[in-house]
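Since the structure comes first, as structure tokens, the remarks are kept for the end.
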Amino acid sequence: MGLTIKLDKIAVFSLALAPIGYLVWQIVGQQLGPDPAKEVVLFLANWALNLLWVTLALSPIKLIFKKSFVIRYRRMLGLFSLFYAILHVLAYLAFMLAWQWSDLLQDLVKRPYIIVGFIALLGLIALGVTSPKVMVRRLGKSWKKLHNIIYVIAILVMVHFFWLSRTDVGEPVMYSVILAGLLLVRWFFWGNNWLYQLFFSSSSKAK
């Protein structure tokens, strides 16, 4: 059983890391188009977002499909989302600004959505730092309250995404619909116990 769990985690770890391999392959093969710096920054942002949404989806999967084993991947996937988000920021600073801090200040004034994204990143860092089991024990009941800010972070990410996209909002809308569905599931199970009891108690009795 222990070996199976370890193999599962290795598989999930490998899948979460695979986009980096694909990105390196594209860079080496010069397949990133006329603006490779922008493509690298956006690629890393997309995978930070993808993995954050997958992390958010694990609790609904557990509740709806009664698959509690998926929760053991939540911390790893959340940390990978943070990993890609940090790489996204570093790529932006290195490839688009060439570490020119004066340019960063100008960008912050011209593009306030960067500030929103940075606040979301700080939230992810706070969750990452407090994710180890020792921090769960140390924070006690406060740990769960702190980690509920993941939903606030997700909303900030969408504000950042919409603001960045401006007119081409197809992709942000798709991610927003997914987030709304995940929040609806959370509300159904935790915010409205009478609905949960109505559906799941009746189904239990029918069995």
Side-chain angles (χ1 to χ4, degrees), residues 8-58 73-129 131 150 153-182:
D8 284 355
K9 287 192 172 182
I10 290 170
V12 172
F13 183 94
S14 301
L15 286 171
L17 200 58
I20 292 293
Y22 178 69
L23 179 61
V24 171
W25 177 72
Q26 284 195 309
I27 292 171
V28 172
Q30 299 183 341
Q31 300 177 31
L32 291 174
D35 193 351
K38 182 180 177 181
E39 291 301 319
V40 169
V41 171
L42 292 178
F43 179 91
L44 294 168
N46 282 338
W47 276 101
L49 180 55
N50 290 340
L51 287 165
L52 180 60
W53 260 230
V54 171
T55 303
L56 288 169
L58 294 182
Y73 310 126
R74 185 167 56 188
R75 181 161 68 103
M76 182 194 300
L77 292 172
L79 288 172
F80 263 111
S81 176
L82 172 59
F83 169 69
Y84 280 99
I86 290 173
L87 288 181
H88 164 63
V89 172
L90 291 176
Y92 162 72
L93 292 172
F95 303 141
M96 302 193 76
L97 296 184
W99 303 105
Q100 297 297 315
W101 300 107
S102 58
D103 290 348
L104 174 61
L105 292 175
Q106 291 176 17
D107 251 12
L108 292 176
V109 174
K110 288 167 55 180
R111 302 176 177 88
Y113 58 79
I114 296 173
I115 298 173
V116 177
F118 185 68
I119 293 170
L121 175 63
L122 291 178
L124 281 177
I125 290 172
L127 297 188
V129 169
S131 65
I150 191 170
I153 292 168
I155 292 169
L156 288 173
V157 168
M158 291 318 306
V159 171
H160 174 73
F161 200 179
F162 270 104
W163 208 339
L164 170 66
S165 302
R166 297 180 186 176
T167 55
D168 186 14
V169 295
E171 199 173 359
V173 166
M174 179 189 71
Y175 279 100
S176 295
V177 169
I178 295 170
L179 177 61
L182 295 173

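Treat the numbers as computed from the prediction; the structure is a model and nothing was measured.
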With sequence neighbours excluded, residues passing side chain to side chain contact (heavy atoms under 4.5 Å, CB included) with [X]:
X: Trp99; result: Leu90, Leu93, Ala94, Trp101
X: Asp35; result: Ala37, Lys38
X: Ile20; result: Leu17, Val24, Leu44, Phe83, Tyr84, Leu87

So how far is it from [X] [atom1] to [Y] [atom2], rounded to the nearest 0.5 Å?
X: Leu51; Y: Leu79; atom1: CG; atom2: CG; answer: 11.0 Å
X: Asn50; Y: Thr55; atom1: CG; atom2: OG1; answer: 10.5 Å
X: Ser81; Y: Ile150; atom1: OG; atom2: CD1; answer: 7.5 Å
X: Glu39; Y: Asn46; atom1: CD; atom2: CG; answer: 9.5 Å
X: Leu77; Y: Leu58; atom1: CG; atom2: CG; answer: 6.0 Å
X: Leu42; Y: Tyr92; atom1: CG; atom2: OH; answer: 12.5 Å

Leu182 and Ala57 have their tightest heavy-atom pair at CD2-CA, 3.7 Å

On a heavy-atom basis, the closest approach of Ala120 and Ile153 is O-CG2, 3.8 Å

Using a 4.5 Å cut-off on heavy atoms from C-beta on, say whether the side chain of [Y] contacts that of [X].
X: Ser165; Y: Glu171; value: no
X: Leu32; Y: Phe43; value: no
X: Leu52; Y: Leu124; value: yes
X: His88; Y: Trp47; value: no
X: Phe162; Y: Val173; value: yes

Does the [X] side chain pair with the main chain of [Y], one donor and one acceptor, at a distance under 3.5 Å?
X: Trp53; Y: Ile178; answer: no
X: Ser131; Y: Arg75; answer: no
X: His160; Y: Val116; answer: no

is_close_aromatic(Phe80, Phe13), centroid dist under 6.0 Å:
yes

Evaluate the criterion side chain to side chain contact (heavy atoms under 4.5 Å, CB included) for residue pair Leu82 and Leu121; output intermediate values, then yes/no.
CA-CA 7 Å; Leu82 172 59; Leu121 175 63; 4.0 Å; yes

Show your working on side chain to side chain contact (heavy atoms under 4.5 Å, CB included) between Arg111 and Trp163 and close with a plain yes or no.
CA-CA 9 Å; Arg111 302 176 177 88; Trp163 208 339; over 6 Å; no

